[in-house]
Amino acid sequence: MDVGKRECCEATRQRAIDFLRRLSSSFDRSLRSLVCPSQDLNNTTRTMLRVWCCLLGVPASVWATVYFEDRFDAGIGERWVESKWKEEMGEWKYTAGEWFVDEAKAKGMQAATDMRFHAISAKLDEPATTVAKDLVLQFTVKHEKKDYAFCGGGYIKLLPGDVDPTTFGGDTPYAIMFGPDLCGYDISRIHVIFEHEGENLLKEEDVKLDYSDKDEYTHLYTLVLKKDGTFEVFFDQKSKSEGKVEDLWKFPKKEIKDPSKSKPADWVDEKKIPDPAAEKPEGYDDIPPEIPDPEAEKPEDWDDDEDGAWEPPTVDNPDYKGEWKAPMIDNPAYKGDWEHPMIPNPAYKPETYAKYPSLTTIGFELWTVNAGSIFDNILVTDDVDYANKMAAETWAVIKEGEKEAKDAWKKINDPPKDEDDEGEEDDEGEDEEDIDDDTGAKEEL
């Protein structure tokens with residue numbers, strides 16, 4: 001190939017690379033739908049395209065399947081439908097709350113009414129699945145009114161089938177429930193609940209939130225369900241729990257106790273027995289538990305005629321050993337602890353645990369004691385890298401400077417009292433104290 005043709009080919013290749021980079025940088029999601037309709041590609045084709053995209057510098061995120069994504073950049077929108085399953089439902093507002101750094105970035109859906117049920121849902125852009133594919137569920141929550149008495153859930157649900165959004169509520173069957181559950185000092189955990197054969201299974205041990213995790217700022221919650229049956233829960237991109245799904249929820253286990261077997265009636269599982277050769281010492285039962293105090297003396301002013309015969313007080317008898325019991329010895333008939341024989345569990349089907357072929361709907365269904373929680377940056381995908389990329393573009397930006405923004409807001413809206421106000425309050429206190437004195441019922445404060 002001559003120099004001119006080689007330069008022409010290189011220039012063409014470079015233009016293609018530059019074009020794809022610009023396209024992927026600005027339109028990741030559009031590029032994904034144009035270049036990678038993954039459900040229509042066989043494995044060989046997908047692998048070849050991945051290699052070419054890697055060589056051309058196209059980010060791996062274009063390969064993600066995004067079932068649902070909402071950053072609430074333009075309002076709540078028509079895709080979200082409020083439920084009317086209770087007579088009086090709480091209101092949802094589109095807001096960034098009272099304090100924020102970047103209002104546009106921080107805006108989301110706020111559960112805005114105290115002591116009300118809040119329920120809202122949206123259809124996924126396409127059904128999601130946990131069968132033979134990974135699933136990543138991610139969103140942010142800002143419990144803006146969080147204080148020591150705050151009580152409220154912040155969990156999201158993924159639901160299968162045809163869901164009526166107008167009646168979506170606590171009785172609507174769901175597949176996965178995930179997110180924070182906070183109430184006072186006693187309850188602070190991340191819920192991870194899976195439906196299995198009509199039963200909602202809680203994780204056997206809570207995913208605990210540390211004290212420092214429980215504040216009013218924006219936090220990121222991420223659940224990763226792997227196709228190999230493992231999971232991981234992240235809080236602010238830090239791992240909180242991981243393992244095998246079948247081990248940590250009450251799914252049917254691999255083995256069960258054989259129902260046809262029971263411990264033999266003659267099985268001996270007592271390690272120790274009383275020594276049959278031991279004998280109680282002669283006179284053991286004659287030792288009283290108490291004796292007259294040998295140090296006690298009859299008072300000088302005691303009059304036997306008037307006070308009766310003087311008796312010294314009693315004290316514990318140091319020679320009393322309690323009820324006699326034969327010493328224990330090893331039991332010669334001991335057979336050890338009886339172990340129930342195990343058999344394969346016919347209900348053990350790990351290929352069905354947390355495996356849902358078609359998840360169609362996402363929603364929040366909450367009982368809200370304290371209003372003000374803002375939900376934002378909701379994502380359902382099959383790609384952890386894409387979830388991390390979205391987190392970097394949203395949560396990582398929103399959280400920076402939140403504390404300073406809150407402090408500035410409080411300084412304006414909760415100004416410190418000046419000395420004149422404090423003096424007036426002192427005078428009022430003195431007047432009240434005088435009134436109390438006049439009534440003869442002064443109360444100490």
Side-chain angles (χ1 to χ4, degrees), residues 184-189 191-194 196-197 199-211 229-231 240-350 353:
Y185 288 111
D186 297 330
I187 299 175
S188 54
R189 60 191 172 187
H191 262 318
V192 188
I193 302 176
F194 298 124
H196 183 71
E197 296 184 349
E199 185 178 358
N200 296 328
L201 305 181
L202 281 75
K203 191 172 179 294
E204 294 191 44
E205 291 187 4
D206 286 342
V207 182
K208 294 288 189 181
L209 286 170
D210 296 331
Y211 181 81
T230 61
F231 79 98
K240 283 289 187 180
S241 181
E242 62 180 317
K244 295 180 68 174
V245 169
E246 68 174 275
D247 292 340
L248 302 177
W249 280 260
K250 291 185 178 179
F251 290 104
K253 303 305 179 185
K254 190 173 184 178
E255 292 184 321
I256 58 173
K257 294 178 179 179
D258 187 345
S260 68
K261 304 292 184 182
S262 59
K263 185 169 73 171
D266 61 350
W267 188 272
V268 178
D269 52 13
E270 291 86 15
K271 290 184 178 181
K272 300 282 187 178
I273 58 170
D275 184 355
E279 294 182 0
K280 182 165 57 174
E282 185 178 351
Y284 187 93
D285 291 339
D286 298 332
I287 303 173
E290 294 183 338
I291 58 173
D293 184 355
E295 296 182 0
E297 296 181 359
K298 179 179 178 180
E300 293 181 359
D301 59 351
W302 186 273
D303 188 316
D304 289 343
D305 294 332
E306 293 184 4
D307 301 325
W310 179 80
E311 294 181 359
T314 59
V315 295
D316 291 338
N317 186 353
D319 296 327
Y320 180 71
K321 306 301 181 183
E323 181 184 355
W324 184 84
K325 294 181 181 179
M328 304 298 285
I329 62 171
D330 291 337
N331 186 354
Y334 175 64
K335 295 183 179 181
D337 293 333
W338 185 78
E339 294 185 3
H340 204 128
M342 306 295 286
I343 61 172
N345 184 359
Y348 177 67
K349 299 176 181 178
Y353 299 169

For [X] and [Y], work out which heavy atoms get closest and say how close.
X	Y	result
Ile256	Pro344	CG1-O, 4.4 Å
Pro312	Asp293	CB-O, 4.3 Å
Leu209	Arg189	CD1-O, 3.8 Å
Val245	Phe251	CG1-CE1, 3.4 Å
Trp310	Pro299	NE1-CD, 3.4 Å
Gly322	Tyr284	O-OH, 2.8 Å

Do [X] and [Y] have side chains that approach each other closer than 4.5 Å (heavy atoms only, starting at C-beta)?
X	Y	value
Asp319	Pro288	no
Pro252	Asn345	yes
His196	Leu201	yes

So for atom [atom1], which belongs to [X], do other residues, nucleotides or ligands contribute more than 12 heavy atoms lying within a distance under 6.0 Å?
X	atom1	result
Lys349	NZ	no
Lys253	NZ	yes
Lys325	NZ	no
Glu205	CD	no

Are the charged groups of Asp206 and Lys240 less than 4.0 angstrom apart, N to O? no

Pairwise distance [atom1]([X]) to [atom2]([Y]) - rounded to 0.5 angstrom:
X	Y	atom1	atom2	value
Ser188	Asp210	OG	CG	8.5 Å
Leu202	Ile193	CG	CD1	4.0 Å
Asp305	Asp303	CG	CG	5.0 Å
Phe194	Asn200	CZ	CG	11.5 Å
Trp302	Asp307	CH2	CG	5.0 Å
Ile287	Lys321	CD1	NZ	8.0 Å

N/O donor-acceptor pairs under 3.5 Å from side chains in residues 267-276, not counting sequence neighbours:
| from | atom 1 | to | atom 2 | distance (Å) |
| --- | --- | --- | --- | --- |
| Trp267 | NE1 | Gly336 | O | 2.9 |
| Asp269 | OD2 | Lys263 | NZ | 2.8 |
| Lys272 | NZ | Asp330 | OD1 | 2.6 |
| Asp275 | OD1 | Ala277 | N | 3.0 |

Using the benzene-type ring in the case of Trp, are the ring centres of Tyr353 and Trp249 under 6.0 Å apart? no

Test log, rule side chain to side chain contact (heavy atoms under 4.5 Å, CB included), inputs Asp285 and Lys280: CA-CA 9 Å; Asp285 291 339; Lys280 182 165 57 174; 2.6 Å; yes

Trace of the side chain to side chain contact (heavy atoms under 4.5 Å, CB included) decision for Phe231 with Lys203: CA-CA 12 Å; Phe231 79 98; Lys203 191 172 179 294; 3.8 Å; yes

Assess whether side chain to side chain contact (heavy atoms under 4.5 Å, CB included) is satisfied between Ser262 and His340, documenting all intermediate values. CA-CA 7 Å; Ser262 59; His340 204 128; 5.6 Å; no

Could you go through Thr230 and Lys244, starting from their C-alpha distance and side-chain angles, then the distance that decides it, and tell me whether this counts as side chain to side chain contact (heavy atoms under 4.5 Å, CB included)? CA-CA 4 Å; Thr230 61; Lys244 295 180 68 174; 4.2 Å; yes

Main-chain N/O of Ile291 paired with Tyr320 side-chain donor or acceptor, under 3.5 Å: no

Evaluate Glu255 against Tyr348 for side-chain hydrogen bond (donor to acceptor under 3.5 Å, both in side chains), listing each step before the verdict. CA-CA 8 Å; Glu255 292 184 321; Tyr348 177 67; over 6 Å; no

